[in-house]
Amino acid sequence: MTVVGPFGLSVRDHALETDVQAGLAAVEEGLIEATKSGVPFITEAAQHLVRAGGKRFRPLLVMLAAQFGDPHAPGVVPSAVVVELTHLATLYHDDVMDEANVRRGVPSANARWDNSVAVLTGDFLFARASHILADLGPEAVRIQAEAFERLVTGQILETAGPQEGDDPIAHYLDVIAGKTGSLIAVAGRFGAMMSGADENVVDILTQYGERIGTAFQLADDVLDIASDSHESGKTPGTDLREGIVTLPVLRLRARAARGGSPEDLALCALLDGDLTDDARHAEALAGLRAHPALEEARRDTIRYADEARNALAPLPDCAAKEALSYLCDSVVHRAG
């Protein structure tokens with residue numbers, strides 16, 4: 001097996017490895033080119049997160065999906081660049097909304113400069129993505145626009161929170177499907193579509209992308225609690241400290257609402273308090289790591305990854321299908 005790309009997918013097939021490696025290298029070149037400006041400061045800000053690295057999960061999915069048609073078709077690499085630029089743009093905006101200080105192991109753009117620079121740089125990246133997208137045809141523009149609407153809707157739903165009577169967990173999963181699943185679904189769709197794959201293959205890989213996208217985000221939720229390292233590019237427990245409610249916390253609250261134990265209620269009270277205090281934060285993190293709610297969140301991650309794998313069943317057996325199945329394992333592995 002050979003590890004391919006920053007995400008760390010292992011593949012068994014040499015020809016597939018070569019194609020994917022070449023495609024991802026071309027995407028990196030495309031990202032650097034797309035983030036250049038005649039204004040040096042804009043170039044510096046726009047390339048800040050590109051050069052910080054990242055998992056490149058979305059471009060990887062584009063490359064694998066393209067294997068079901070012509071992986072060297074001219075629209076494949078540009079579509080991967082579009083999806084990754086869009087993702088990067090949302091990170092600039094997310095960090096402003098979350099008042100984050102670190103992204104991918106480096107100071108966030110808002111911390112290095114200020115909120116205005118971060119927001120405008122995100123807008124610049126959206127503009128560059130749209131410029132590339134225009135050359136891929138009106139259908140590609142429509143697909144991206146619909147996904148972007150879902151992405152923004154997910155962000156608004158997260159900001160507004162669940163309405164009275166809503167199930168907080170169902171609401172959260174809807175948010176994740178919009179914020180994360182929608183764009184990863186586009187990655188699968190663009191890869192298949194730009195390669196000229198059959199329409200039913202395009203549909204299958206879109207469904208696969210939606211499901212693995214949700215699993216991918218849920219794995220990040222678990223990783224933020226369970227990891228002792230900096231695998232996520234953030235200090236473990238960052239979401240807790242910033243008051244961002246993720247699935248492990250929601251699972252804990254659901255148990256408490258059903259008549260949980262005194263320990264459940266005490267941990268909920270701790271999480272609802274001020275976690276900017278280092279001692280309280282450490283206590284809350286340790287409590288969640290030892291709580292069954294974390295394992296429930298892991299099982300949710302596995303369920304969505306299994307749904308993604310099952311969606312692949314109608315595809316012909318080939319190295320790319322096997323790699324997409326292994327990608328499900330890689331996502332689950334991140335969640336422990």
Side-chain angles (χ1 to χ4, degrees), residues 55 57 94 97-98 100 102-103 154-155 157-162 166-181 184 211-308 328-336:
K55 293 177 281 288
F57 183 78
D94 281 352
M97 295 183 66
D98 298 339
V102 177
R103 170 68 71 174
Q155 183 67 69
L157 287 174
E158 181 180 54
T159 302
D166 288 349
D167 176 7
I169 292 175
H171 175 269
Y172 182 72
L173 292 174
D174 284 343
V175 166
I176 295 307
K179 281 187 61 178
T180 305
I184 294 179
R211 288 163 175 77
I212 200 170
T214 300
F216 183 82
Q217 181 57 55
L218 296 183
D220 266 2
D221 288 0
V222 172
L223 191 62
D224 183 67
I225 302 298
S227 175
D228 284 319
S229 69
H230 294 257
E231 294 174 62
S232 63
K234 302 185 297 184
T235 303
T238 294
D239 290 337
L240 283 183
R241 191 182 295 276
E242 294 175 357
I244 299 170
V245 177
T246 58
L247 190 61
V249 175
L250 290 173
R251 286 294 182 195
L252 167 66
R253 288 179 177 173
R255 291 171 69 96
R258 293 194 301 266
S261 68
E263 291 78 14
D264 293 342
L265 298 174
L267 184 53
C268 281
L270 179 61
L271 291 171
D272 289 338
D274 179 12
L275 295 183
T276 59
D277 177 78
D278 287 345
R280 289 177 61 87
H281 177 265
E283 183 182 354
L285 191 58
L288 267 178
R289 284 174 174 170
H291 197 277
L294 183 62
E295 186 55 38
E296 289 181 29
R298 279 198 181 97
R299 289 199 295 269
D300 290 323
T301 305
I302 293 169
R303 174 166 58 87
Y304 276 97
D306 285 344
E307 288 179 5
C328 298
D329 295 333
S330 297
V331 167
V332 169
H333 177 71
R334 296 175 66 240

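- The two residues Phe216 and Lys55 come nearest to each other via the heavy atoms CZ-CE, 3.3 Å.
- Ile225 has its side chain out of reach of Asp221: every pair of non-hydrogen atoms, C-beta onward, lies at least 4.5 Å apart.
- Judged by distance alone, with hydrogens and angles left aside, the side-chain atoms of Asp166 form no donor-acceptor pair with the main-chain N or O of His171 at under 3.5 Å.
- For the atom pair NE2 (His281) and CG (Leu270), the distance works out to 10.5 Å, reported to the nearest 0.5 Å.
- Residue pairs meeting the salt bridge (Lys or Arg N to Asp or Glu O under 4.0 Å) criterion with at least one member in residues 255-266, sequence neighbours excluded, are Arg255-Glu296.
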N/O donor-acceptor pairs under 3.5 Å from side chains in residues 243-251, not counting sequence neighbours:
from   : atom 1 : to     : atom 2 : distance (Å)
Arg251 : NE     : Asp300 : OD2    : 2.9
Arg251 : NH2    : Asp300 : OD1    : 3.1
Arg251 : NH2    : Asp300 : OD2    : 3.0

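- Residues Val331 and Tyr304 have side chains not in contact (no heavy-atom distance under 4.5 Å, counting atoms from C-beta outward).
- Taken to the nearest 0.5 Å, the CG atom of Leu240 stands 12.5 Å off from the OG1 atom of Thr276.
- Asp306 CG to Arg299 CZ: the interatomic distance, rounded to the nearest 0.5 Å, is 13.0 Å.
- Not one N or O on the side chain of His291 forms a donor-acceptor pair closer than 3.5 Å with the backbone of Leu252.
- Minimum interatomic distance between Leu271 and Ala284 (heavy atoms only, all atoms of both residues): CD2-CB, 3.8 Å.
- A 4.5 Å side-chain heavy-atom check between Leu294 and Val222 finds at least one atom pair inside the cut-off.
- Distance check: Leu275 CG to Asp239 CG gives 11.5 Å after rounding to the nearest 0.5 Å.
- Applying the salt bridge (Lys or Arg N to Asp or Glu O under 4.0 Å) rule to pairs touching residues 276-287 yields Arg241-Asp278, sequence neighbours excluded.
- At a threshold of 4.5 Å between non-hydrogen side-chain atoms, the residues Ile212 and Cys328 count as touching.
- When all heavy atoms are compared, the tightest approach of Leu267 to Leu288 is CD2-N, 4.0 Å.
- The two residues Leu265 and Ala256 come nearest to each other via the heavy atoms CD2-CB, 3.8 Å.
- When side chains are defined from C-beta on, Lys179 counts as touching Glu158, because their heavy atoms get closer than 4.5 Å.
- Across all their heavy atoms, Leu285 and Gly237 have their closest contact at CD1-CA, 4.0 Å.
- Nearest heavy-atom pair across Val175 and Gly154 is CG1-O, 3.5 Å.
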